[in-house]
Amino acid sequence: MEPYIIEMRNITKEFPGIKANDGITLQLKRGEIHALLGENGAGKSTLMSILFGIYQPDEGQIYKNGEPVSVNDPNDANELGIGMVHQHFKLVDVFSILDNIILGVEPTKFGFLTKKKAREKVLELSKAYGLNVDPDALIEDVTVGMQQRTEILKMLYRDNEVLIFDEPTAVLTPQEINELMEIMRGLAKEGKSILFITHKLNEIMAVADRCTVLRKGKYIGTVDIKDTTKEELSKMMVGRDVKFVVDKQPANPKDTVLEIKDLCVKSKLHKKNAVNNVTFSVRKGEIVCIAGIDGNGQSELVYGITGLEKLESGTISLCGEDVTNKSIRYKNTHGLSHIPEDRHKHGLVLDYSLEQNLVLQRYFEPQFHRNGFIKFAEVRKYSDKLIDKFDVRSGQGSVTISRSMSGGNQQKAIVARELDRKHQLLIAVQPTRGLDVGAIENIHSKLIETRDNGAGILLVSLELDEVMSVSDRILVMYEGEIVVELDPKNTTVEELGLYMSGAKRQDKEVTK
């Protein structure tokens with residue numbers, strides 16, 4: 001029998017307060033797509049970071065083609081033919097796509113940089129794997145999907161034969177996800193071996209050959225995908241049955257909580273407005289979902305409403321008050337909560353502790369503050385309560401530095417903070433991005449509970465299943481405009497897709 005191309009035996013890794021990996025064994029066959037599944041904080045990224053040389057195991061051994069190897073750093077991993085696309089991309093924003101791809105292995109002649117052959121190789125790889133990139137485009141100017149293609153080309157340029165994808169679809173649109181699945185299948189046919197970390201069971205069922213499941217740092221089992229179901233995988237992952245259908249009663253909308261009129265927001269990428277004369281409203285007791293393919297103005301719309309981006313024109317009313325020119329702090333203290341799209345840029349101060357992040361917008365309230373001094377005991381008490389209520393997993397509890405937490409648990413912390421604040425309107429952008437099925441089930445139930453308690457919710461989501469199951473009304477954005485209003489009970493995913501792609505458009509004005 002041919003030896004495994006990669007075998008990790010009895011890997012153990014501890015961090016302060018947590019055993020991230022506890023005697024885990026993982027075996028990767030040549031030419032297979034092997035999924036690694038587990039809850040947020042189950043130890044998946046830690047295990048892959050050990051394989052890529054970012055961390056060193058406390059115990060255990062890595063084997064390549066049956067021979068023991070040492071992976072002391074990512075350079076060792078690259079020499080062994082192991083590459084990794086990280087959950088949060090490792091790219092230099094002000095460099096071009098080509099410069100990012102060759103970074104660290106720059107071709108030189110007589111001490112001078114020579115890019116011509118590198119460019120040719122990148123273009124060849126790009127064409128061969130359907131990754132179509134512009135080598136001269138700057139990273140800061142391209143989409144997230146294009147950034148991910150750059151990361152994949154970095155691996156292929158180095159001739160890596162073992163490819164690690166850490167949550168590769170967490171920030172992609174449904175169309176980009178389908179493209180990535182095709183790319184992965186093509187790589188496997190070429191003989192590459194792929195380790196694929198994901199929470200999305202549909203993707204595992206569609207593309208993986210085998211799946212290894214971790215739970216709370218321990219190995220649960222490895223199964224052949226052809227012999228299992230989504231339900232069995234989810235039970236292995238969270239240790240209980242998971243409901244895939246959102247349980248909710250019909251909405252009972254009341255007064256208008258958010259009114260947007262003729263809103264325009266400028267685009268940073270081109271001369272046209274990113275948001276063009278958008279008008280709609282959200283009422284208390286309903287969930288209105290903005291659906292659309294990424295890049296059609298949803299982000300800029302939310303930035304404009306919340307105050308993160310300057311408006312070109314238009315008005316915003318919150319609870320009957322014109323807040324168009326009010327500050328972000330004013331909106332936050334007058335009924336607006338916001339789960340942002342980018343958890344690192346707008347959601348957290350990564351080098352603050354978890355408890356500091358959980359009171360970021362409330363530390364000045366009497367509950368946490370007296371005579372210019374923060375009441376640290378109250379902050380700790382409140383933080384401990386939210387950590388328990390929302391199952392935020394962190395090695396050292398409230399004092400954990402946010403940067404050290406898994407992406408999914410960072411997301412849970414933001415959701416906990418925003419849902420627990422007193423609000424009349426919740427703007428939730430991709431609230432379940434990067435979360436496991438158990439956490440998604442919990443967040444969806446809390447969104448419904450928030451709605452039923454009388455708040456209005458503006459949900460922005462790229463997940464069509466989430467759009468169809470959670471929303472009471474759907475507004476589709478295309479090229480900066482709302483092109484249709486749909487009732488999720490009377491539409492299909494296919495019809496929604498036609499409006500999202502611009503193939504279909506409602507002639508009459510959107511219902512206010």
Side-chain angles (χ1 to χ4, degrees), residues 87-89 91 93 137-148 169-177 258 260 262-280 282 287-314 316 318 324 328 331-332 336-348 407 410-411 414-415 418 425-435 457-464 466-467 470-471 474-484 496 499-502:
Q87 184 177 358
H88 300 110
F89 303 145
L91 298 170
D93 284 353
L138 297 181
I139 290 297
E140 63 187 358
D141 293 335
V142 301
T143 65
V144 172
M146 200 60 68
Q147 289 177 32
Q148 186 172 72
T169 63
V171 292
L172 299 186
T173 65
Q175 290 75 10
E176 287 171 331
I177 290 169
L258 175 70
I260 303 296
D262 304 321
L263 205 70
C264 291
V265 180
K266 259 190 172 175
S267 170
K268 290 183 176 177
L269 296 177
H270 45 72
K271 290 180 180 176
K272 284 180 13 181
N273 284 335
V275 179
N276 194 34
N277 289 321
V278 165
T279 297
F280 69 92
V282 179
I287 299 175
V288 177
C289 183
I290 303 282
I293 295 168
D294 197 24
N296 277 276
Q298 307 96 307
S299 298
E300 290 85 354
L301 174 66
V302 171
Y303 293 164
I305 296 169
T306 57
L308 291 169
E309 201 76 68
K310 191 180 174 188
L311 299 181
E312 191 71 3
S313 60
I316 304 164
L318 180 65
T324 309
I328 295 173
K331 291 173 185 173
N332 285 343
L336 173 65
S337 281
H338 175 209
I339 299 168
E341 177 179 20
D342 188 329
R343 56 181 169 242
H344 284 182
K345 192 173 181 181
H346 297 131
L348 298 166
Q410 291 174 353
Q411 183 73 7
I414 295 167
V415 171
E418 298 304 318
L425 173 71
L426 170 68
I427 298 179
V429 188
Q430 295 282 84
T432 58
R433 173 178 279 172
L435 298 184
I457 298 176
L458 180 64
L459 172 68
V460 180
S461 179
L462 300 174
E463 301 284 348
L464 295 189
E466 184 167 71
V467 171
V470 176
S471 57
I474 301 170
L475 304 177
V476 179
M477 275 192 89
Y478 177 71
E479 293 189 343
E481 297 178 359
I482 290 177
V483 295
V484 71
L496 183 58
Y499 282 110
M500 285 168 60
S501 65

Novice: Under the criterion side chain to side chain contact (heavy atoms under 4.5 Å, CB included), which of Val265, Ile305, Leu263 is the partner of Glu300?
Specialist: Val265
Novice: For the CD1 atom of Ile427 and the NE2 atom of His338, what is their distance to the nearest 0.5 Å?
Specialist: 6.0 Å
Novice: Step by step, work out the side chain to side chain contact (heavy atoms under 4.5 Å, CB included) result for Gln430 and Gln411.
Specialist: CA-CA 10 Å; Gln430 295 282 84; Gln411 183 73 7; 5.8 Å; no
Novice: With rounding to the nearest 0.5 angstrom, report the CG to CD1 distance, Leu91 to Ile139.
Specialist: 4.5 Å
Novice: Which atoms form the tightest heavy-atom contact between Tyr499 and Val483, and what is the distance?
Specialist: O-CG2, 4.1 Å
Novice: State which residues pass side-chain hydrogen bond (donor to acceptor under 3.5 Å, both in side chains) with Glu466; sequence neighbours excluded, sorted by chain then number.
Specialist: Thr432, His444, Ser461
Novice: Rounded to the nearest 0.5 Å, what's the gap from CG on Leu475 to CD on Glu481? Could you check?
Specialist: 13.5 Å
Novice: Give, for atom CD1 of Ile293 and atom CD of Glu479, the distance between the pair rounded to the nearest 0.5 Å.
Specialist: 10.0 Å
Novice: Who are the side-chain contact (heavy atoms from CB on, under 4.5 Å) partners of Thr324, not counting sequence neighbours?
Specialist: Leu311, Thr315, Ile316, Asp322
Novice: Just jot down the ring-ring contact (aromatic ring centres under 6.0 Å, His included) partners of Tyr478, sequence neighbours excluded, or say none.
Specialist: none
Novice: Which residues satisfy the side-chain contact (heavy atoms from CB on, under 4.5 Å) test with Gln298, sequence neighbours excluded?
Specialist: Ile290, Asn296, Val460, Leu462, Met477
Novice: Excluding sequence neighbours, so at least two apart, what forms side-chain contact (heavy atoms from CB on, under 4.5 Å) with Glu418?
Specialist: Ser337, Ile339, Gln361, Ile414, Arg421, Leu426
Novice: Here's a test for you: under side chain to side chain contact (heavy atoms under 4.5 Å, CB included), which of Asn276, Val278, Thr279 qualifies with Asp262?
Specialist: Thr279
Novice: If every non-hydrogen atom of Pro431 is compared with every non-hydrogen atom of Val415, which pair is closest and at what distance?
Specialist: O-CG2, 3.8 Å
Novice: Can you name the residues that form a side-chain hydrogen bond (donor to acceptor under 3.5 Å, both in side chains) with Asn277, not counting sequence neighbours?
Specialist: none
Novice: State, yes or no, whether a side-chain contact exists between Thr306 and His346 at a heavy-atom distance under 4.5 Å.
Specialist: no
Novice: What heavy-atom pair brings Leu301 and Val275 nearest, and what distance separates the two atoms?
Specialist: N-CG2, 3.4 Å
